[in-house]
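Take a look at the structure set out below.
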Protein chains: 2
Amino acid sequence: MVHEQLISAAVEDYAKAIYELEVRDGRARTSALADRISVTPASASQMVKRLAELGLVSYSRYRGARLTEKGRRLALEVIRHHRLLELFLVEEFGMSWDQVHAEAEALEHVLSEQVEERIAARLGEPVVDPHGDPIPTVTLEIEECATRGLESLEPGERGVFTRVSDSEPAMLRFLAERGIAPGDRLEVVDKQPFDGPVFVRFSGAVEVLGGGLARAMRVRLDPER
Amino acid sequence: MVHEQLISAAVEDYAKAIYELEVRDGRARTSALADRISVTPASASQMVKRLAELGLVSYSRYRGARLTEKGRRLALEVIRHHRLLELFLVEEFGMSWDQVHAEAEALEHVLSEQVEERIAARLGEPVVDPHGDPIPTVTLEIEECATRGLESLEPGERGVFTRVSDSEPAMLRFLAERGIAPGDRLEVVDKQPFDGPVFVRFSGAVEVLGGGLARAMRVRLDPER
DNA sequence: TCCATAAGTTAGCTGAAACTAAATAATGTC
DNA sequence: GACATTATTTAGTTTCAGCTAACTTATGGA
(Lines give C-alpha, C1' and ligand atoms only; values in the text may rest on other atoms or scores of the structure.)
Protein backbone atom coordinates (compact mmCIF):
# COMPACT_ATOMS: atom_id res chain seq x y z
CA MET A 1 0.00 0.00 0.00
CA VAL A 2 3.05 2.17 0.33
CA HIS A 3 5.42 2.89 -2.55
CA GLU A 4 9.09 2.40 -1.94
CA GLN A 5 10.56 4.53 -4.69
CA LEU A 6 8.47 7.68 -4.83
CA ILE A 7 6.37 7.33 -7.89
CA SER A 8 5.48 10.39 -9.95
CA ALA A 9 1.98 11.26 -11.08
CA ALA A 10 3.06 10.56 -14.67
CA VAL A 11 4.14 7.03 -13.81
CA GLU A 12 0.88 6.46 -11.96
CA ASP A 13 -1.05 7.60 -15.02
CA TYR A 14 0.82 5.15 -17.22
CA ALA A 15 0.24 2.27 -14.82
CA LYS A 16 -3.46 3.06 -14.70
CA ALA A 17 -3.76 3.36 -18.47
CA ILE A 18 -1.89 0.10 -19.05
CA TYR A 19 -4.18 -1.66 -16.59
CA GLU A 20 -7.28 -0.36 -18.31
CA LEU A 21 -6.00 -1.34 -21.73
CA GLU A 22 -5.14 -4.83 -20.51
CA VAL A 23 -8.66 -5.22 -19.17
CA ARG A 24 -10.23 -3.95 -22.38
CA ASP A 25 -7.94 -5.34 -25.06
CA GLY A 26 -5.98 -8.02 -23.27
CA ARG A 27 -2.78 -6.06 -23.84
CA ALA A 28 -1.46 -2.51 -23.88
CA ARG A 29 -0.13 -1.49 -27.26
CA THR A 30 2.19 1.50 -27.28
CA SER A 31 0.03 3.59 -29.57
CA ALA A 32 -3.17 2.89 -27.64
CA LEU A 33 -1.34 3.90 -24.50
CA ALA A 34 -0.02 7.07 -26.11
CA ASP A 35 -3.51 7.86 -27.24
CA ARG A 36 -4.98 7.47 -23.79
CA ILE A 37 -2.33 9.57 -22.06
CA SER A 38 -2.39 12.11 -24.89
CA VAL A 39 1.29 11.95 -25.69
CA THR A 40 3.16 10.84 -28.80
CA PRO A 41 3.95 7.14 -29.28
CA ALA A 42 7.63 8.00 -28.87
CA SER A 43 6.98 9.37 -25.39
CA ALA A 44 4.90 6.38 -24.39
CA SER A 45 7.55 3.99 -25.65
CA GLN A 46 10.18 5.73 -23.58
CA MET A 47 8.02 5.79 -20.48
CA VAL A 48 7.26 2.10 -20.78
CA LYS A 49 11.00 1.57 -20.58
CA ARG A 50 11.09 3.62 -17.40
CA LEU A 51 8.22 1.64 -15.89
CA ALA A 52 10.18 -1.51 -16.69
CA GLU A 53 13.20 -0.13 -14.82
CA LEU A 54 10.93 0.56 -11.87
CA GLY A 55 9.76 -3.04 -11.99
CA LEU A 56 6.19 -2.06 -12.81
CA VAL A 57 5.94 -3.73 -16.21
CA SER A 58 7.72 -6.43 -18.13
CA TYR A 59 8.16 -5.86 -21.79
CA SER A 60 10.21 -6.77 -24.76
CA ARG A 61 10.50 -4.21 -27.50
CA TYR A 62 7.83 -4.18 -30.17
CA ARG A 63 5.39 -6.31 -28.21
CA GLY A 64 3.77 -4.01 -25.69
CA ALA A 65 3.90 -3.86 -21.91
CA ARG A 66 2.45 -6.21 -19.33
CA LEU A 67 1.99 -5.07 -15.75
CA THR A 68 3.91 -6.96 -13.10
CA GLU A 69 2.18 -7.72 -9.81
CA LYS A 70 3.75 -4.58 -8.40
CA GLY A 71 2.55 -2.52 -11.36
CA ARG A 72 -0.90 -3.96 -11.04
CA ARG A 73 -1.07 -3.00 -7.38
CA LEU A 74 0.00 0.54 -8.20
CA ALA A 75 -2.62 0.79 -10.94
CA LEU A 76 -5.35 -0.53 -8.67
CA GLU A 77 -4.42 1.89 -5.94
CA VAL A 78 -4.72 4.82 -8.31
CA ILE A 79 -7.98 3.45 -9.70
CA ARG A 80 -9.35 3.05 -6.19
CA HIS A 81 -8.51 6.67 -5.50
CA HIS A 82 -10.06 7.79 -8.74
CA ARG A 83 -13.33 5.97 -8.31
CA LEU A 84 -13.74 6.79 -4.64
CA LEU A 85 -13.18 10.44 -5.47
CA GLU A 86 -15.72 10.37 -8.28
CA LEU A 87 -18.31 8.84 -6.05
CA PHE A 88 -17.49 11.21 -3.21
CA LEU A 89 -17.88 14.27 -5.40
CA VAL A 90 -21.20 13.04 -6.73
CA GLU A 91 -22.61 11.89 -3.40
CA GLU A 92 -21.34 14.55 -1.04
CA PHE A 93 -21.09 17.59 -3.25
CA GLY A 94 -23.87 16.83 -5.69
CA MET A 95 -21.59 17.28 -8.65
CA SER A 96 -22.69 15.86 -11.94
CA TRP A 97 -21.62 12.66 -13.54
CA ASP A 98 -19.69 14.29 -16.32
CA GLN A 99 -17.74 16.77 -14.19
CA VAL A 100 -16.19 14.45 -11.68
CA HIS A 101 -13.83 12.57 -13.97
CA ALA A 102 -11.55 15.53 -14.60
CA GLU A 103 -11.53 16.44 -10.91
CA ALA A 104 -10.68 12.91 -9.83
CA GLU A 105 -7.96 12.71 -12.47
CA ALA A 106 -6.06 15.46 -10.67
CA LEU A 107 -6.87 14.53 -7.09
CA GLU A 108 -6.14 10.81 -7.37
CA HIS A 109 -2.37 11.35 -7.28
CA VAL A 110 -2.30 13.36 -4.09
CA LEU A 111 -4.82 11.44 -2.01
CA SER A 112 -3.20 10.02 1.11
CA GLU A 113 -4.08 6.61 2.52
CA GLN A 114 -5.56 8.42 5.50
CA VAL A 115 -7.99 10.50 3.52
CA GLU A 116 -8.79 7.63 1.18
CA GLU A 117 -9.80 5.62 4.21
CA ARG A 118 -11.99 8.43 5.54
CA ILE A 119 -13.72 8.84 2.19
CA ALA A 120 -14.35 5.12 1.85
CA ALA A 121 -15.77 4.95 5.36
CA ARG A 122 -18.00 7.94 4.74
CA LEU A 123 -19.38 6.32 1.59
CA GLY A 124 -19.86 2.97 3.33
CA GLU A 125 -17.06 1.05 1.58
CA PRO A 126 -18.73 1.28 -1.83
CA VAL A 127 -18.07 -1.25 -4.58
CA VAL A 128 -18.99 0.67 -7.73
CA ASP A 129 -18.50 4.25 -8.83
CA PRO A 130 -21.10 6.50 -10.52
CA HIS A 131 -20.17 5.20 -13.97
CA GLY A 132 -20.69 1.59 -12.95
CA ASP A 133 -16.99 0.81 -12.68
CA PRO A 134 -16.01 -1.51 -9.84
CA ILE A 135 -13.94 0.05 -7.01
CA PRO A 136 -10.98 -2.03 -5.84
CA THR A 137 -11.15 -2.94 -2.14
CA VAL A 138 -8.65 -1.69 0.43
CA THR A 139 -6.62 -4.81 -0.21
CA LEU A 140 -6.81 -4.09 -3.93
CA GLU A 141 -9.09 -6.89 -4.92
CA ILE A 142 -11.30 -6.11 -7.87
CA GLU A 143 -13.89 -8.03 -9.71
CA GLU A 144 -13.77 -7.10 -13.39
CA CYS A 145 -16.93 -8.66 -14.67
CA ALA A 146 -16.87 -9.52 -18.34
CA THR A 147 -18.62 -6.92 -20.44
CA ARG A 148 -18.99 -6.30 -24.14
CA GLY A 149 -19.16 -3.09 -26.08
CA LEU A 150 -22.77 -2.29 -26.96
CA GLU A 151 -21.76 -2.11 -30.62
CA SER A 152 -20.99 -5.84 -30.58
CA LEU A 153 -24.52 -6.92 -29.62
CA GLU A 154 -26.84 -8.18 -32.34
CA PRO A 155 -30.46 -7.11 -32.61
CA GLY A 156 -32.51 -9.10 -30.14
CA GLU A 157 -29.74 -9.47 -27.58
CA ARG A 158 -30.46 -8.14 -24.12
CA GLY A 159 -28.24 -7.12 -21.25
CA VAL A 160 -27.56 -4.72 -18.44
CA PHE A 161 -25.86 -1.42 -19.06
CA THR A 162 -22.91 -1.91 -16.72
CA ARG A 163 -20.41 0.87 -17.23
CA VAL A 164 -19.36 3.66 -19.51
CA SER A 165 -16.06 5.36 -20.13
CA ASP A 166 -15.88 8.25 -17.68
CA SER A 167 -13.66 10.36 -19.86
CA GLU A 168 -16.24 11.68 -22.32
CA PRO A 169 -18.28 14.42 -20.67
CA ALA A 170 -20.48 14.96 -23.72
CA MET A 171 -21.42 11.31 -23.71
CA LEU A 172 -22.18 11.36 -20.01
CA ARG A 173 -24.34 14.44 -20.35
CA PHE A 174 -26.18 12.80 -23.24
CA LEU A 175 -26.99 9.80 -21.07
CA ALA A 176 -27.82 11.90 -18.04
CA GLU A 177 -30.32 13.97 -20.06
CA ARG A 178 -32.13 10.79 -21.00
CA GLY A 179 -31.97 9.35 -17.52
CA ILE A 180 -29.88 6.38 -18.61
CA ALA A 181 -27.60 5.06 -15.88
CA PRO A 182 -25.58 1.94 -15.07
CA GLY A 183 -27.85 -0.88 -13.97
CA ASP A 184 -30.50 -0.17 -16.59
CA ARG A 185 -31.65 -3.15 -18.60
CA LEU A 186 -31.57 -2.82 -22.36
CA GLU A 187 -32.36 -4.65 -25.56
CA VAL A 188 -30.79 -4.01 -28.92
CA VAL A 189 -33.60 -3.46 -31.42
CA ASP A 190 -31.59 -2.74 -34.53
CA LYS A 191 -28.18 -1.63 -35.66
CA GLN A 192 -26.60 -0.26 -38.78
CA PRO A 193 -23.35 -1.54 -40.23
CA PHE A 194 -20.00 0.25 -40.32
CA ASP A 195 -20.11 1.74 -36.86
CA GLY A 196 -23.51 3.22 -37.56
CA PRO A 197 -26.14 3.99 -34.92
CA VAL A 198 -27.54 1.32 -32.65
CA PHE A 199 -31.22 1.30 -31.69
CA VAL A 200 -31.69 0.31 -28.09
CA ARG A 201 -34.79 -0.07 -25.95
CA PHE A 202 -34.35 1.14 -22.35
CA SER A 203 -37.40 0.37 -20.25
CA GLY A 204 -39.84 1.22 -23.00
CA ALA A 205 -38.32 4.10 -24.95
CA VAL A 206 -36.06 3.31 -27.89
CA GLU A 207 -32.92 5.44 -28.10
CA VAL A 208 -30.64 5.89 -31.09
CA LEU A 209 -27.01 5.77 -30.02
CA GLY A 210 -24.23 6.77 -32.42
CA GLY A 211 -21.39 4.38 -33.11
CA GLY A 212 -18.92 6.15 -30.84
CA LEU A 213 -21.28 6.14 -27.92
CA ALA A 214 -22.18 2.51 -28.51
CA ARG A 215 -18.53 1.49 -28.31
CA ALA A 216 -18.10 3.39 -25.02
CA MET A 217 -21.04 1.63 -23.39
CA ARG A 218 -20.18 -1.69 -21.79
CA VAL A 219 -22.92 -4.22 -21.34
CA ARG A 220 -23.14 -7.34 -19.17
CA LEU A 221 -25.01 -9.96 -21.18
CA ASP A 222 -28.33 -10.98 -19.79
CA PRO A 223 -27.98 -14.26 -17.89
CA GLU A 224 -31.25 -15.11 -19.69
CA ARG A 225 -32.69 -15.60 -16.25
CA MET B 1 -9.69 33.69 -10.25
CA VAL B 2 -8.44 31.93 -13.33
CA HIS B 3 -4.78 31.79 -14.27
CA GLU B 4 -3.85 32.77 -17.76
CA GLN B 5 -0.48 31.11 -18.06
CA LEU B 6 -0.84 27.72 -16.43
CA ILE B 7 0.99 28.01 -13.20
CA SER B 8 2.89 25.03 -11.81
CA ALA B 9 2.56 23.80 -8.25
CA ALA B 10 6.15 24.92 -7.63
CA VAL B 11 5.35 28.49 -8.65
CA GLU B 12 2.25 28.44 -6.45
CA ASP B 13 4.36 27.30 -3.51
CA TYR B 14 6.80 30.15 -4.03
CA ALA B 15 4.02 32.73 -4.27
CA LYS B 16 2.47 31.44 -1.06
CA ALA B 17 5.78 31.39 0.79
CA ILE B 18 6.64 34.93 -0.34
CA TYR B 19 3.25 36.13 0.82
CA GLU B 20 3.67 34.56 4.24
CA LEU B 21 7.15 35.99 4.64
CA GLU B 22 5.95 39.44 3.65
CA VAL B 23 3.22 39.24 6.28
CA ARG B 24 5.63 38.04 8.95
CA ASP B 25 8.83 39.95 8.17
CA GLY B 26 7.68 42.72 5.87
CA ARG B 27 9.77 41.25 3.07
CA ALA B 28 10.82 37.94 1.59
CA ARG B 29 14.56 37.38 1.71
CA THR B 30 15.93 34.77 -0.63
CA SER B 31 17.39 32.60 2.10
CA ALA B 32 14.24 32.70 4.22
CA LEU B 33 12.29 31.70 1.14
CA ALA B 34 14.71 28.88 0.36
CA ASP B 35 14.38 27.70 3.90
CA ARG B 36 10.61 27.62 3.78
CA ILE B 37 10.44 25.76 0.47
CA SER B 38 13.31 23.47 1.49
CA VAL B 39 15.53 24.21 -1.49
CA THR B 40 18.95 25.80 -1.73
CA PRO B 41 19.20 29.61 -1.87
CA ALA B 42 20.49 29.25 -5.42
CA SER B 43 17.27 27.50 -6.46
CA ALA B 44 15.11 30.10 -4.76
CA SER B 45 17.01 32.92 -6.40
CA GLN B 46 16.48 31.38 -9.80
CA MET B 47 12.81 30.76 -9.18
CA VAL B 48 12.27 34.33 -8.04
CA LYS B 49 13.58 35.38 -11.42
CA ARG B 50 11.03 33.08 -13.05
CA LEU B 51 8.22 34.53 -10.95
CA ALA B 52 9.33 37.97 -12.07
CA GLU B 53 9.08 36.88 -15.71
CA LEU B 54 5.57 35.65 -14.98
CA GLY B 55 4.71 39.07 -13.56
CA LEU B 56 4.11 37.66 -10.09
CA VAL B 57 6.84 39.56 -8.26
CA SER B 58 8.93 42.61 -8.80
CA TYR B 59 12.49 42.41 -7.69
CA SER B 60 15.90 43.84 -8.21
CA ARG B 61 18.84 41.60 -7.52
CA TYR B 62 20.12 41.38 -3.98
CA ARG B 63 17.08 42.99 -2.46
CA GLY B 64 14.42 40.32 -2.24
CA ALA B 65 11.11 39.87 -3.99
CA ARG B 66 7.86 41.75 -3.56
CA LEU B 67 4.59 40.29 -4.79
CA THR B 68 2.76 42.19 -7.48
CA GLU B 69 -1.01 42.45 -7.25
CA LYS B 70 -1.22 39.45 -9.57
CA GLY B 71 1.21 37.51 -7.40
CA ARG B 72 -0.69 38.42 -4.29
CA ARG B 73 -3.92 37.14 -5.81
CA LEU B 74 -2.27 33.85 -6.74
CA ALA B 75 -0.87 33.47 -3.22
CA LEU B 76 -4.23 34.21 -1.62
CA GLU B 77 -5.96 31.73 -3.85
CA VAL B 78 -3.57 28.98 -2.82
CA ILE B 79 -3.86 30.01 0.82
CA ARG B 80 -7.64 29.91 0.57
CA HIS B 81 -7.43 26.39 -0.82
CA HIS B 82 -5.01 25.34 1.88
CA ARG B 83 -7.01 26.66 4.79
CA LEU B 84 -10.36 25.49 3.52
CA LEU B 85 -8.90 22.03 3.05
CA GLU B 86 -7.43 21.99 6.54
CA LEU B 87 -10.73 22.96 8.05
CA PHE B 88 -12.63 20.50 5.89
CA LEU B 89 -10.41 17.61 6.90
CA VAL B 90 -10.77 18.49 10.57
CA GLU B 91 -14.51 19.14 10.51
CA GLU B 92 -15.75 16.50 8.11
CA PHE B 93 -13.23 13.72 8.57
CA GLY B 94 -12.31 14.28 12.19
CA MET B 95 -8.64 14.41 11.39
CA SER B 96 -6.33 15.95 13.91
CA TRP B 97 -4.88 19.40 13.92
CA ASP B 98 -1.35 18.28 13.25
CA GLN B 99 -2.11 15.93 10.35
CA VAL B 100 -4.02 18.21 8.08
CA HIS B 101 -1.23 20.57 7.11
CA ALA B 102 0.67 18.01 5.06
CA GLU B 103 -2.51 16.81 3.37
CA ALA B 104 -3.58 20.32 2.45
CA GLU B 105 -0.12 21.10 1.15
CA ALA B 106 -0.58 18.50 -1.57
CA LEU B 107 -4.26 19.00 -2.30
CA GLU B 108 -4.19 22.80 -2.51
CA HIS B 109 -2.64 22.77 -5.97
CA VAL B 110 -5.20 20.52 -7.58
CA LEU B 111 -8.38 21.89 -6.05
CA SER B 112 -10.70 23.26 -8.72
CA GLU B 113 -12.79 26.38 -8.24
CA GLN B 114 -15.84 24.14 -8.36
CA VAL B 115 -14.80 21.93 -5.50
CA GLU B 116 -13.41 24.86 -3.53
CA GLU B 117 -16.83 26.44 -3.75
CA ARG B 118 -18.57 23.26 -2.59
CA ILE B 119 -16.24 22.90 0.36
CA ALA B 120 -16.67 26.52 1.41
CA ALA B 121 -20.45 26.20 1.19
CA ARG B 122 -20.43 23.00 3.21
CA LEU B 123 -18.39 24.67 5.94
CA GLY B 124 -20.59 27.77 5.93
CA GLU B 125 -18.10 30.17 4.32
CA PRO B 126 -15.73 30.01 7.25
CA VAL B 127 -13.31 32.83 8.08
CA VAL B 128 -10.61 31.08 10.10
CA ASP B 129 -8.93 27.69 9.82
CA PRO B 130 -8.20 25.28 12.68
CA HIS B 131 -4.88 26.97 13.45
CA GLY B 132 -6.49 30.38 13.80
CA ASP B 133 -5.29 31.60 10.42
CA PRO B 134 -7.75 33.79 8.51
CA ILE B 135 -9.22 32.31 5.31
CA PRO B 136 -9.32 34.68 2.33
CA THR B 137 -12.83 35.25 0.97
CA VAL B 138 -13.94 34.15 -2.50
CA THR B 139 -12.93 37.57 -3.76
CA LEU B 140 -9.56 37.13 -2.05
CA GLU B 141 -10.01 39.66 0.68
CA ILE B 142 -8.17 38.83 3.84
CA GLU B 143 -7.83 40.55 7.15
CA GLU B 144 -4.35 39.95 8.51
CA CYS B 145 -4.70 41.19 12.03
CA ALA B 146 -1.46 42.35 13.63
CA THR B 147 0.02 39.71 15.87
CA ARG B 148 3.26 39.35 17.78
CA GLY B 149 5.32 36.29 18.50
CA LEU B 150 4.70 35.13 22.07
CA GLU B 151 8.43 35.35 22.75
CA SER B 152 8.25 39.13 22.33
CA LEU B 153 5.75 39.69 25.16
CA GLU B 154 7.05 40.87 28.51
CA PRO B 155 5.88 39.38 31.80
CA GLY B 156 2.55 40.90 32.73
CA GLU B 157 1.39 41.39 29.15
CA ARG B 158 -1.85 39.72 28.18
CA GLY B 159 -3.36 38.75 24.85
CA VAL B 160 -5.29 36.24 22.84
CA PHE B 161 -3.60 33.23 21.30
CA THR B 162 -4.51 33.90 17.68
CA ARG B 163 -2.63 31.51 15.46
CA VAL B 164 0.21 29.08 15.26
CA SER B 165 2.38 27.86 12.43
CA ASP B 166 0.63 24.85 10.93
CA SER B 167 3.81 23.23 9.72
CA GLU B 168 5.09 21.81 13.00
CA PRO B 169 3.11 18.69 13.87
CA ALA B 170 4.98 18.11 17.15
CA MET B 171 4.07 21.59 18.31
CA LEU B 172 0.45 21.14 17.38
CA ARG B 173 0.23 17.84 19.21
CA PHE B 174 1.81 19.45 22.26
CA LEU B 175 -0.85 22.14 22.27
CA ALA B 176 -3.66 19.71 21.55
CA GLU B 177 -2.65 17.53 24.48
CA ARG B 178 -2.97 20.51 26.79
CA GLY B 179 -6.22 21.67 25.25
CA ILE B 180 -4.71 24.96 24.09
CA ALA B 181 -6.35 26.36 20.95
CA PRO B 182 -6.63 29.62 19.05
CA GLY B 183 -8.95 32.04 20.84
CA ASP B 184 -7.61 31.21 24.31
CA ARG B 185 -6.67 34.20 26.47
CA LEU B 186 -3.23 34.17 27.99
CA GLU B 187 -0.93 36.15 30.24
CA VAL B 188 2.84 35.96 30.25
CA VAL B 189 3.93 35.27 33.80
CA ASP B 190 7.67 35.08 33.33
CA LYS B 191 10.27 34.47 30.67
CA GLN B 192 13.91 33.57 30.52
CA PRO B 193 16.43 35.34 28.31
CA PHE B 194 18.16 34.00 25.21
CA ASP B 195 15.22 32.25 23.68
CA GLY B 196 14.56 30.42 26.92
CA PRO B 197 11.18 29.12 28.04
CA VAL B 198 8.20 31.41 28.52
CA PHE B 199 5.79 30.88 31.39
CA VAL B 200 2.23 31.52 30.34
CA ARG B 201 -1.05 31.34 32.21
CA PHE B 202 -3.93 29.91 30.17
CA SER B 203 -7.21 30.14 32.05
CA GLY B 204 -5.69 29.18 35.37
CA ALA B 205 -2.94 26.71 34.59
CA VAL B 206 0.56 27.98 33.91
CA GLU B 207 2.35 26.29 31.02
CA VAL B 208 6.04 26.37 30.24
CA LEU B 209 6.62 26.87 26.54
CA GLY B 210 10.09 26.39 25.00
CA GLY B 211 11.62 29.19 22.96
CA GLY B 212 10.88 27.56 19.61
CA LEU B 213 7.26 27.05 20.45
CA ALA B 214 6.95 30.57 21.81
CA ARG B 215 8.19 32.03 18.52
CA ALA B 216 5.67 29.94 16.56
CA MET B 217 2.72 31.18 18.62
CA ARG B 218 1.24 34.45 17.41
CA VAL B 219 -0.66 36.57 19.88
CA ARG B 220 -3.09 39.44 19.41
CA LEU B 221 -2.41 41.96 22.15
CA ASP B 222 -5.17 42.45 24.61
CA PRO B 223 -7.14 45.57 23.69
CA GLU B 224 -7.03 46.19 27.45
CA ARG B 225 -10.77 46.24 27.28
C1' DT C 1 6.45 -14.70 -50.71
C1' DC C 2 7.23 -9.88 -51.21
C1' DC C 3 6.59 -5.46 -49.99
C1' DA C 4 3.82 -1.35 -48.68
C1' DT C 5 1.98 0.44 -44.69
C1' DA C 6 1.36 0.70 -39.92
C1' DA C 7 3.32 0.35 -35.41
C1' DG C 8 7.13 0.91 -32.40
C1' DT C 9 11.73 2.58 -31.19
C1' DT C 10 15.97 5.45 -31.01
C1' DA C 11 18.45 9.69 -31.08
C1' DG C 12 18.75 14.15 -30.06
C1' DC C 13 16.52 18.39 -28.24
C1' DT C 14 13.65 21.33 -25.00
C1' DG C 15 11.89 23.38 -20.66
C1' DA C 16 11.16 23.00 -15.52
C1' DA C 17 13.14 22.90 -11.45
C1' DA C 18 16.36 21.13 -8.64
C1' DC C 19 21.61 20.84 -7.38
C1' DT C 20 26.96 22.30 -6.44
C1' DA C 21 30.65 25.34 -6.81
C1' DA C 22 32.31 29.70 -7.70
C1' DA C 23 31.74 34.59 -7.94
C1' DT C 24 29.81 38.90 -6.32
C1' DA C 25 27.28 42.18 -3.38
C1' DA C 26 25.73 43.81 1.29
C1' DT C 27 26.51 44.21 6.07
C1' DG C 28 28.34 45.03 10.44
C1' DT C 29 32.45 45.57 13.39
C1' DC C 30 36.40 47.58 14.64
C1' DG D 1 36.69 53.25 5.91
C1' DA D 2 38.60 48.43 5.48
C1' DC D 3 37.60 43.95 5.67
C1' DA D 4 35.57 39.60 7.34
C1' DT D 5 31.26 37.46 7.27
C1' DT D 6 26.95 36.52 5.42
C1' DA D 7 23.62 36.74 1.75
C1' DT D 8 22.69 36.45 -3.03
C1' DT D 9 23.49 35.45 -7.66
C1' DT D 10 25.62 33.13 -11.78
C1' DA D 11 27.33 29.27 -14.27
C1' DG D 12 27.12 24.82 -15.35
C1' DT D 13 24.97 20.05 -14.50
C1' DT D 14 21.26 16.71 -13.59
C1' DT D 15 16.68 14.41 -13.92
C1' DC D 16 12.03 14.10 -15.62
C1' DA D 17 8.95 13.90 -19.18
C1' DG D 18 7.64 15.67 -23.08
C1' DC D 19 8.67 16.63 -28.40
C1' DT D 20 10.23 15.77 -33.74
C1' DA D 21 12.59 13.30 -37.12
C1' DA D 22 14.62 9.32 -38.63
C1' DC D 23 14.93 4.54 -38.39
C1' DT D 24 13.43 -0.41 -37.54
C1' DT D 25 10.29 -4.15 -37.03
C1' DA D 26 5.62 -6.28 -37.74
C1' DT D 27 1.67 -7.23 -40.49
C1' DG D 28 -1.48 -8.13 -43.96
C1' DG D 29 -2.65 -8.03 -49.01
C1' DA D 30 -1.65 -9.07 -53.67
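Proteins get letters first, then strands, A, B, ... in listed order; numbering begins at 1 in each.
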In DNA chain D, consecutive runs of at least three Watson-Crick or G-U pairs below 3.5 Å, as range with range, amount to C:1-30 with D:1-30
Residues in side-chain contact (heavy atoms from CB on, under 4.5 Å) with A:E117, at least two apart? none
Anything under 4.0 Å to a heavy atom of chain A counts; send over the first and last such nucleotide of DNA chain C, read 5' to 3'. C:dA7 to C:dG12
For B:E22, give me all partners under salt bridge (Lys or Arg N to Asp or Glu O under 4.0 Å), at least two apart in sequence or on another chain. none
What residues form a salt bridge (Lys or Arg N to Asp or Glu O under 4.0 Å) with A:E103, not counting sequence neighbours? none
Expressed as a whole number of angstroms, how long is the span from [X]:[atom1] to [N]:[atom2]?
{"X": "A:Y14", "N": "D:dA17", "atom1": "OH", "atom2": "P", "answer": "9 Å"}
{"X": "A:I37", "N": "D:dG18", "atom1": "CD1", "atom2": "P", "answer": "8 Å"}
{"X": "B:Q46", "N": "D:dT13", "atom1": "CD", "atom2": "C1'", "answer": "11 Å"}

Heavy-atom side-chain proximity of [X] to [Y] below 4.5 angstrom:
{"X": "B:H81", "Y": "B:E12", "answer": "no"}
{"X": "B:Y59", "Y": "B:L51", "answer": "no"}
{"X": "A:V115", "Y": "B:M95", "answer": "yes"}

Please identify each residue that fulfils ring pair (Phe, Tyr, Trp, His ring centres under 6.0 Å) with B:H82, with sequence neighbours left out. B:H101
Residues pairing under salt bridge (Lys or Arg N to Asp or Glu O under 4.0 Å) where one sits in residues 34-54 of chain B, two or more places apart or in two chains, turn out to be B:E20-B:R36
Residue pairs fulfilling salt bridge (Lys or Arg N to Asp or Glu O under 4.0 Å) with at least one residue in residues 58-68 of chain B, sequence neighbours excluded: none
Expected list for residues 25-36 of chain A near DNA chain D, using heavy atoms below 4.0 Å, is none
Can you establish whether the number of heavy atoms outside B:E143 located under 6.0 Å from its atom CD is more than 12? no
salt_bridge(A:E154, A:K191) N-O dist < 4.0 Å: yes
Find which nucleotide of DNA chain C each of A:G64 and B:P41 is nearest to by heavy atoms, and output the residue with the more 5' nucleotide. A:G64
Sequence neighbours excluded, the answer for side chain to side chain donor-acceptor pair (under 3.5 Å) partners of B:S31 is none
Reading nucleotides 20-25 of chain D from the 5' end, what letters show protein touch, with B for base, S for backbone sugar-phosphate only, - for no heavy atom under 4.0 Å? BB--BS
Short side-chain N/O contact from B:K49 to OP1 or OP2 of D:dT10, under 4.0 Å: yes
Can you give each donor-acceptor pair under 3.5 Å made by side-chain atoms of residues 23-30 of chain B, sequence neighbours left out, with the distance rounded to 0.1 Å?
none

Starting at the 5' end of DNA chain D, which residue's closest nucleotide do you reach first, B:S45 or A:V39? B:S45
